[in-house]
Amino acid sequence: MERSILTVVSNAPAAALRGDYTRTRPDHTIEQDWSAYTPAEHALWRKLYDRQMRLVPQYACEEFPHTLDRLDASGGIPRFGEISRKLRRATGWELVAVPGLIPDLAFFEHLANRRFPVTGWLRRPEEAEYIVEPDIFHDFFGHVPLLFDPVYADYMAAYGEGGLKAARLGSLEHLARLYWYTVEFGLMRTPEGLRAYGAGLLSSAGEILYAAESAEPRRVKFDLERLLRTEYRIDRFQDTYFVIDGFEQLIGDTAPDFAPVYERIRGLPAMAPDEATWDDVAVRRPAARPQ
Ligand code: PHE
Ligand code: CO
């Protein structure tokens, strides 16, 4: 499980973060320094990659493996320059390396300009199962493939713009929840069952299964206002997942001006991560598939 960029940044001093911030440029990016990765790190990358690839056919949304094919990143830690060339041609996005979490506004500014910040460092071997801060494996494997999808790519850029606007309106706390419950932990309903499109699920061996199949968590149909009011936990599997029907729905439902929505919910109490409300539309798991 990973903490999101948006939760930690504003109150975490750089010194508490793990990356090396000494060579950061004014836009908070760094040089990737690909030659500094060790053979052991490339080997750990392959191990993490292979592990997730075993889960992807059954649990990832169909857009995900489709775009993964074009990345050719199974052999070792990829070079961002090469990926950016392909990405620019596909959807106009590129990757920038960052030392780790960066300030909210800098993050939104990058997204709005179709630059996706990817952490430079890889987790340690003993963190294969669990990591607190996002590392290069989470950022790359979880987020980058879907940036090749044109609709998703537009959503991410719109989110960046939306972030700058939410900051002006004092509504970052609400908007951060949208990132969390879609970009990080979003589920999609498909004819084949519930599938993950959130990066926190796609890069996690345990939670992708839990989100799609466990009887424990609450799954509700995507509802913007309900979602913006729902708090989340950063240190355990989610209590509630919001389910979309596809990226077209997501981009359509988030296109309207959020200013009146922020205004309306400003006075309303937040909902706890595991709270239900009478008008939730529950999404049931499909019956277990025969083995
Ligand atoms: N429509 C949103 C607004 O007016 C912008 C946005 C789009 C935010 C997509 C998030 C995701 O603020
Ligand atoms: Co992430």
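What you see is a predicted model; the values in this text were computed from it and never measured.
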Basic-acidic side-chain contact under 4.0 Å: Asp274, Arg218
no
Reference residue Tyr181; test ring pair (Phe, Tyr, Trp, His ring centres under 6.0 Å); the match among Phe242, Tyr241, Tyr197
Phe242
Does a side-chain heavy-atom distance below 4.5 Å link Arg266 with Ser171?
yes
Side chains of Thr67 and Tyr152: is there a donor and an acceptor less than 3.5 Å apart?
no
Residues in side-chain contact (heavy atoms from CB on, under 4.5 Å) contact with Thr24, at least two apart in sequence or another chain
Tyr21, His28, Ile30, Pro99
Can you name the residues that form a side-chain contact (heavy atoms from CB on, under 4.5 Å) with Pro78, not counting sequence neighbours?
Trp45, Ala73, Ile83, Phe140
Tell me if the CZ atom of Arg25 is crowded by more than 12 foreign heavy atoms within 6.0 Å.
yes
Give me each pair satisfying ring-ring contact (aromatic ring centres under 6.0 Å, His included) with a member in residues 202-228, each pair once, sequence neighbours excluded.
Tyr210-Phe237
If hydrophobic clusters are built from ILVMFWY residues whose side chains come within less than 4.5 Å, do Val220 and Leu227 share one?
yes
Decide whether Ile244 and Val281 are clustered together by the hydrophobic rule: side chain heavy atoms of Ile, Leu, Val, Met, Phe, Trp, Tyr closer than 4.5 Å, transitively.
no
Salt bridge (charged side-chain N to carboxylate O under 4.0 Å, His left out) involving Asp280 - partner list, sequence neighbours excluded:
Arg226
By salt bridge (charged side-chain N to carboxylate O under 4.0 Å, His left out), which residues pair with Glu161, not counting sequence neighbours?
none
Applying ring-ring contact (aromatic ring centres under 6.0 Å, His included), can you list everything that pairs with Tyr262, at least two apart in sequence or on another chain?
Phe258
Aromatic ring pairing His42/Trp34, orientation class (parallel under 30°, perpendicular over 60°, tilted between):
tilted
Residues that Arg85 engages under salt bridge (charged side-chain N to carboxylate O under 4.0 Å, His left out), provided they are two or more places apart:
none
Quick check on Glu173: does its CD atom have over 12 non-hydrogen neighbours (other residues, nucleotides or ligands) under 6.0 Å away?
no
Quick one: does any side-chain atom of Arg229 pair with a main-chain N or O of Ala270 as donor and acceptor, under 3.5 Å?
no
Do the side chains of Leu201 and Met53 join up, straight or via other hydrophobic residues, at under 4.5 Å, putting them in one cluster?
yes
Quick one: side chains of residues 105-114, donor-acceptor pairs under 3.5 Å with protein atoms, not counting sequence neighbours, listed by atom name and distance.
| unit_1 | atom_1 | unit_2 | atom_2 | d |
| --- | --- | --- | --- | --- |
| Glu109 | OE2 | Asn113 | ND2 | 3.4 |
| His110 | ND1 | Arg115 | NE | 2.9 |
| His110 | ND1 | Arg115 | NH2 | 3.4 |
| His110 | NE2 | Asp27 | O | 2.8 |
| Asn113 | ND2 | Glu109 | O | 2.8 |
| Arg114 | NH1 | Thr91 | O | 2.9 |
| Arg114 | NH2 | Asp154 | OD1 | 2.7 |

Please list, one pair per line, the donor and acceptor atoms closer than 3.5 Å that link side chains of residues 141-148 to other protein atoms, with sequence neighbours excluded.
| unit_1 | atom_1 | unit_2 | atom_2 | d |
| --- | --- | --- | --- | --- |
| His143 | NE2 | His138 | NE2 | 3.1 |
| His143 | NE2 | Glu184 | OE2 | 3.2 |

Pairing residues for Glu127 by the salt bridge (charged side-chain N to carboxylate O under 4.0 Å, His left out) criterion, not counting sequence neighbours:
Arg18, Arg124
Can you tell me if CZ on Arg88 sees more than 12 non-hydrogen neighbours from other groups inside 6.0 Å?
yes
Rounding to 0.5 Å, atoms CD (Glu192) and CZ (Arg195) come to a distance of 5.5 Å
Assess the residue pair Glu231 and Arg177 against the criterion (side-chain contact (heavy atoms from CB on, under 4.5 Å)); give the C-alpha distance rounded to whole Å, side-chain angles, the decisive distance to 0.1 Å, and a yes or no.
CA-CA 7 Å; Glu231 293 169 336; Arg177 295 175 184 150; 3.7 Å; yes
Among pairs that include at least one residue of residues 44-65, which meet salt bridge (Lys or Arg N to Asp or Glu O under 4.0 Å), considering only residues two or more places apart or in two chains?
Arg51-Glu129
According to the ring-ring contact (aromatic ring centres under 6.0 Å, His included) rule, which pairs have a member within residues 84-105, sequence neighbours left out?
none
Does the side chain of Thr119 come under 3.5 Å of the side chain of Asp135 through a donor N or O and an acceptor N or O?
no
Heavy-atom side-chain proximity of Ile136 to Trp121 below 4.5 angstrom
no
